[in-house]
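One structure is given below, encoded as structure tokens.
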Amino acid sequence: MPVPELLVTPTNINDILPLIEAGADAFVIGEMRYGLRLAGEFNKADIKNAVEIAHNHKRKVYVAMNAIFHNEKVEELDSYLQFLQEIAVDAVIFGDPAVLMAAKQSAPNIRLHWSTETLGTNWYTCNYWGRKGAKRAVLARELSMDEILEIKENAEVEIEILVHGMSCMFQSKRPLIDNYFQFQGKQMEVRQSGQGYLFLYDPERDNKYPVFEDENGTHIMSANDICIIDELQELVDAGIDSFKIDGIFQSPQYIIEVTKLYRKAIDLCVHDSNQYEEEKDQLLEKIIAMQPQNRGLDTGFFFKETVY
Amino acid sequence: MVQLVDKISEIRNGKRVIVKKPELLAPAGNLEKLKIAVMYGADAVFIGGQEYSLRSNADNFTLEEIKEGVSFAKKYNAKVYVTTNIIAHNENIPGLENYLRGLEDAGVSGIIVADPLIIETAKKVAPGLERHLSTQQSLSNWRAAQYWKEEGLERVVLARETTAAEIKEIKEKVDIEVEIFVHGALCIAYSGRCVLSNHMTARDSNRGGCCQSCRWNYELYRQEAGQEIPLFSDNDVPFAMSSKDLNLLKYVPQLIEMGIDSFKIEGRMKSIHYVATVVSVYRKVIDAYCADSDHFEFKDEWLQELAKCANRDTDYGFYKGLPGYQQQLFNESRQKPSHDFAGMVLDYDEETKMVTVQQRNFFKIGDQVEFFGPNIDNFTMTVKNLYDEEGNMLDAARHPLQIVRFQVDQPVHRYNLMRKENVHAV
């Protein structure tokens, strides 16, 4: 049975080695100038450094270029891609076709992963981006287990899903928090700072949605963290290619510990599914015990019906 | 003597005349609205079919209705586009080919599409349909426009997040038809990148289930060191993310000069009164500018006319740059338009000067009413008498769709609309 990749998001360069020890196979890094909702900022030097460390340990580094680009940035995509190709990053994650155009022109050998987060909802479209050069499609988080399995069955590209962490529900180009404070006549530092985070409280559902602003706009995140550490067997059996743990808003210690638990879960699914059945509830319990205040766990849309 | 001065205009009899007129594209939530939009001056309408469209609450068109709409539009040289801009799931794949073939057979000019599944399937099974990239793809730069051109799309609808300068640059750099939104409600998020409805109400926003969670009120807190610190005080309004509606009427001349191919009015859920009013105002401004651009003067009465059907404040969206709080609504309940739709003209007898009107809202003897339509100048009059179909005297038109007659001294025509001032409006 093929072993799915365990993909994680380090918050800074110092996380890479401990995450490798914890069992990560690959990393998503980048900077907000080109990438969306990253767990940390990695400038070019950091990326180069990360690639060296990862490659020394036969691990992979994917760089996020999945922003929605406006004219002002599209002409610099080429040089960034050339740099990434030169330092041999293992893939670039894109959503905007402008990146595809730039890659074709300036970095034709770079491996591409398609991800817009919300638009990867059917197998045909995954394969479409495959025909345009993507080797992997990252699925929307709003899909059921059955939909994911059907996509995998029909996919000609690798399939990546989020198995753990926060997911994005909303991206606006507008600085909505800043606008709110300005409307109230208040001065407030709304950019992400070291300590704490902002959230929107939804009284009707009693939910707390983390919200933040950066140069890509305003992002609203899910109230709970997805966690399907106890539901992996079917996905592993189906051959899903990559399981991602998103560490945005989490501490390095948390990401490292969660990575260890998923490493164990995946290895059990592959090598000893009976033992996985035995241990999966304990694995879940361990994650529950680690959850920060205010962050509940749920299974996202894996078992939830959506209507329209 | 005709003299070409630039790509979009020529000099005729000493006047600079715009020969590359933009398409005025209007929403049509049902067949009646389609007819009104076309008669009031839309060059094209967009409608939703029973499937694959993004407004599951609209009373969408059956294939028979689409055919009827297409043949009606044809008489006015107008086109019909069908929105098929859902982000499809696997379960939406079966049936797609037949649906698209049906649209092509019905004589539809094009489809508005976002998902590559539908883009490619249409090319394969219904090549007669033009494919216009939906704003659901949030197209925001010229290289992405170039990509979709190379994919063979006839037109791209830009993201509502593009500024005037960005729109202009995209149009200059890429030889593809460009459509932009000029009027109507705006998503506060990048289209296609908002799944609030999915998470909050299990309704898929990218398949038409959007329940506008963005317009609900929230409370903003900071989570820090185990504490939840409210970032508002008792007197503050709740956190809200509601955008004022878009209104680019003043910038119609600028957009024409940029060579923008299509001006889109949003609002398949909007009333017939709204559609008629907005379409006719944009029609007037486009025509006035194109007829003699050098002597064009913007009239404030055009904006006043738009206010008669507006139920939300309007602003320029992203046109002039990143919107601030001035482009949002905080804690404001929906305002009433200054005027209510009162009736539609069915007939007018020139000899007796009696109009036959289908009632759409209560009105009575003594009310001031305003008539408007594509072939008359607006005028206001007082209702002096009122009769039902049998000729019985009435004091008021009380019943929805009731047929009534009364005297109107100036000629009006079938499909002219009648509105009255909304006494409750502020």
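So you know, we letter chains A, B, ... as the sequences are listed, proteins then strands, and number each from 1.
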Considering only heavy atoms, which portion of [X] lies under 4.5 Å from any heavy atom of chain A: side chain, backbone, both, or neither?
X: P238(B); result: backbone
X: F318(B); result: side chain
X: I188(B); result: both
X: N206(B); result: side chain
X: Q146(B); result: both
X: L322(B); result: side chain
X: N235(B); result: neither
X: I86(B); result: neither

Could you check if a side-chain atom of [X] sits within less than 4.5 angstrom of a side-chain atom of [Y], using non-hydrogen atoms only?
X: R193(B); Y: E117(A); value: no
X: K173(A); Y: R160(B); value: no
X: V211(A); Y: Y218(B); value: no
X: F183(A); Y: V237(B); value: yes
X: E151(B); Y: Y128(A); value: yes
X: K132(A); Y: P116(B); value: no
X: N90(B); Y: L143(A); value: no
X: H70(A); Y: E161(B); value: yes

Open item on the list: Do the side chains of K208(A) and E228(B) get close enough for a salt bridge, i.e. N-O under 4.0 angstrom?
Closed with: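 Salt bridge present between K208(A) and E228(B).
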Open item on the list: Does this structure show an ion pair linking R207(B) with E142(A), if we count only N-O contacts that are shorter than 4.0 Å?
Closed with: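 Result for this pair is no, no salt bridge flagged.
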Task: K304(A) atom NZ: more than 12 heavy-atom contacts under 6.0 Å - done: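 Yes.
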Task: R143(B) side chain vs V74(A) backbone, donor-acceptor pair below 3.5 Å - done: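 Yes.
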Open item on the list: Donor-acceptor pair, distance only, cut-off 3.5 Å: does the side chain of N122(A) make one with the backbone of A88(B)?
Closed with: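 Yes, because the side chain of N122(A) sits within donor-acceptor range (under 3.5 Å) of the backbone of A88(B).
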TODO: Select, from S167(A), A140(A), G120(A), A102(A), the one with the greatest count of heavy-atom pairs under 4.5 Å involving chain B.
DONE: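 The residue among S167(A), A140(A), G120(A), A102(A) with the greatest pair count is A102(A).
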Task: Pairs of heavy atoms under 4.5 Å with chain B: top-ranked of L119(A), L100(A), T121(A), T125(A) - done: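 Heavy-atom pairs under 4.5 Å are most numerous for T121(A).
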Of all the heavy-atom pairs spanning [X] and [Y], show the shortest one and how long it is.
X: D236(B); Y: Y180(A); value: CB-OH, 4.4 Å
X: N92(B); Y: Y308(A); value: ND2-OH, 3.0 Å
X: E305(A); Y: A202(B); value: O-CB, 3.7 Å
X: W148(B); Y: P97(A); value: NE1-CG, 3.8 Å
X: Q293(A); Y: G226(B); value: OE1-CA, 3.3 Å
X: P175(A); Y: P323(B); value: CD-O, 3.8 Å

Open item on the list: Would you say Y124(A) and E120(B) are linked by a side-chain donor-acceptor pair, where the criterion is simply a distance under 3.5 Å?
Closed with: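 Yes, a side-chain donor-acceptor pair sits under 3.5 Å.
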Task: Under 3.5 Å side-chain donor-acceptor pair for N141(B) and D96(A) - done: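 Looking only at side-chain atoms, D96(A) and N141(B) do form a donor-acceptor pair, the distance falling under 3.5 Å.
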Open item on the list: For the interface with chain A, which of Q328(B), M200(B), E91(B) has the highest count of heavy-atom pairs at distances below 4.5 Å?
Closed with: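 Most heavy-atom pairs within the cutoff with chain A belong to M200(B).
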Task: Among S191(B), A114(B), G192(B), A165(B), residue most engaged with chain A (heavy-atom pairs, under 4.5 Å) - done: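 Max contact count across the listed options: G192(B).
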Open item on the list: Just verifying a value: how many Å separate Q182(A) CD and Q326(B) CD, rounded to the nearest 0.5 Å?
Closed with: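 It is 7.5 Å, given to the nearest 0.5 Å.
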Open item on the list: As an exercise, state the distance from CG of N71(A) to NZ of K173(B), rounded to the nearest 0.5 Å.
Closed with: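 Taking CG in N71(A) and NZ in K173(B), the distance rounds to 6.5 Å.
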[X] versus chain B, heavy atoms under 4.5 Å apart: side chain, backbone, both or neither?
X: A223(A); result: neither
X: E153(A); result: neither
X: D202(A); result: both
X: K73(A); result: neither

Task: Y201(A) and Y221(B) aromatic ring geometry - parallel, tilted or perpendicular at 30°/60° bounds - done: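 Perpendicular, since the angle between the ring planes exceeds 60°.
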- [ ] Start with the C-alpha gap between T218(A) and M241(B), add the side-chain angles, then the distance that decides, and say whether side chain to side chain contact (heavy atoms under 4.5 Å, CB included) holds.
- [x] CA-CA 11 Å; T218(A) 306; M241(B) 303 182 278; 6.0 Å; no
